[in-house]
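Please read the structure below before turning to the comments.
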Amino acid sequence: MGRIRTGILGATGTVGQRLIALLEHHPQFTVTALAASDRSEGKRYAEACSWRLPGEMPGAVRPLVVQAPRPPLDCDVVLSSLPSDIAGPIELDFARAGYPVISNSASHRMDEHVPLLLPEANPEHLALLDCDAGSRGRGFIVTNPNCSTIMIALTLAPLAARFGVEAVVVTTMQALSGAGYPGVASLDITDNVLPFIPNEEEKIARETRKILGHWNGTRIEPAPFSVSAQCHRVNVMDGHLAAVRVKLGRSAELPELEDAFTSFRGLPQELRLHSAPEHPIVIRAEPDRPQPRLDRDAGGGMSVTVGRVARDEVLGHRFVALSHNTIRGAAGAAILNAELLVARGYVPIER
């Protein structure tokens with residue numbers, strides 16, 4: 001079986017580069033088309049892109065000519081890492097032209113007929129594709145969540161399933177790479193913490209409730225619990241950290257919470273998808289873990305690390321979660337979504 005021809009929108013950006021790196025040796029997907037802004041259009045990728053990841057730019061993409069982000073592209077599926085301010089209409093154009101679009105952008109995450117997919121937590125939400133015009137063999141959009149929402153929703157999923165969740169309070173400490181390149185000015189972040197990231201707190205609240213919401217056969221009913229978030233930018237290159245306090249639907253002992261985390265598996269693990277980590281959630285028992293520098297690469301960057309599981313005097317329980325924001329939180333999440341769509345027959349191998 002041939003590999004699926006893949007186009008990347010926003011190919012020169014931070015997440016676009018991460019997509020290319022993760023797909024270099026992927027057994028199912030091969031990059032055949034790259035698209036970016038006007039200033040890159042018509043150039044070979046090696047000329048258009050200032051490679052910012054460790055190691056060399058993959059040789060296979062160096063000679064590809066960067067195209068405009070509009071159909072047609074020589075590919076079977078589109079992975080989009082376009083900026084949210086331009087992604088919306090462009091992704092719609094590709095979907096209407098018959099392309100499956102897997103998006104890392106925020107533009108369509110809350111659209112009623114678009115799955116906001118976290119494969120271990122809500123694969124049943126793919127049923128939205130069968131209710132709307134987009135379906136097997138036709139164009140559609142599937143999005144992955146915000147980089148912080150992913151680790152929060154993934155850690156809440158086993159708790160919601162086993163105990164129920166009534167309220168969540170989250171404080172995030174988010175890495176610099178989450179702001180893209182060139183990102184935050186060095187004089188703003190050196191010797192400093194920025195206690196505001198535009199739209200981030202709202203994204204966490206509404207996206208978490210959609211992901212953990214109930215598919216009623218026609219639409220997604222948002223989860224009924226409340227989510228309160230405060231977000232901060234910190235001087236760390238990669239790895240978002242979240243201090244989470246949660247009120248459960250029933251009483252639970254700490255070993256029960258730890259077992260819920262460590263035993264959690266989802267459809268990606270059952271299907272043995274290429275990018276799926278063996279353990280979606282990894283528990284650290286040390287009192288000073290997780291830490292970004294030590295734990296962000298767990299599971300190849302696709303596992304969320306949880307530590308400091310404890311009782312909380314206000315909401316009942318608390319823990320700290322960490323994930324690699326450009327792998328599990330962005331490019332890796334989109335690729336895992338693409339793998340699940342292939343496994344479920346939504347992405348054709350040939351156009």
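When a residue number appears, it is its place in the shown sequence, counting from 1.
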Among Ile, Leu, Val, Met, Phe, Trp and Tyr joined by side-chain contacts under 4.5 Å, find the other residues sharing a cluster with L176 and list them by chain and number.
V184, I189, L194
For E278, I'd like to know if atom CD has over 12 heavy atoms of other residues, nucleotides or ligands within 6.0 Å.
no
Got a sec, which residues hit ring-ring contact (aromatic ring centres under 6.0 Å, His included) with H274, two or more places apart in sequence or on another chain?
H26
Partners passing side chain to side chain donor-acceptor pair (under 3.5 Å) against R109 (at least two apart in sequence or in another chain):
E207
Could you note down all residue pairs passing side-chain hydrogen bond (donor to acceptor under 3.5 Å, both in side chains) where residues 243-260 supplies at least one of them, sequence neighbours left out?
R162-D259, R245-D312, E253-R311
For S148, what residues pass the side chain to side chain donor-acceptor pair (under 3.5 Å) criterion, not counting sequence neighbours?
Q174
Applying side-chain hydrogen bond (donor to acceptor under 3.5 Å, both in side chains) as the test, list every pair that has at least one member in residues 10-21; sequence neighbours left out.
R18-T326
For D295, enumerate each residue passing the salt bridge (charged side-chain N to carboxylate O under 4.0 Å, His left out) test, keeping only those at least two apart in sequence or located in another chain.
R289
According to side chain to side chain donor-acceptor pair (under 3.5 Å), who are the partners of Q269, at least two apart in sequence or on a separate chain?
E120
Is there any ring pair (Phe, Tyr, Trp, His ring centres under 6.0 Å) pair reaching into residues 282-339, and which pairs are they, with sequence neighbours excluded?
F261-F319
Under the salt bridge (charged side-chain N to carboxylate O under 4.0 Å, His left out) test, residues paired with R284 that sit two or more places apart:
E286
Are W51 and P58 packed together at the side-chain level, in the sense that at least one heavy-atom pair is separated by less than 4.5 angstrom?
yes
Listed partners of S228 passing side chain to side chain donor-acceptor pair (under 3.5 Å), at least two apart
none
Side chains of Y99 and D93, donor plus acceptor under 3.5 Å:
no
F225 meets the ring-ring contact (aromatic ring centres under 6.0 Å, His included) criterion, sequence neighbours left out, with none
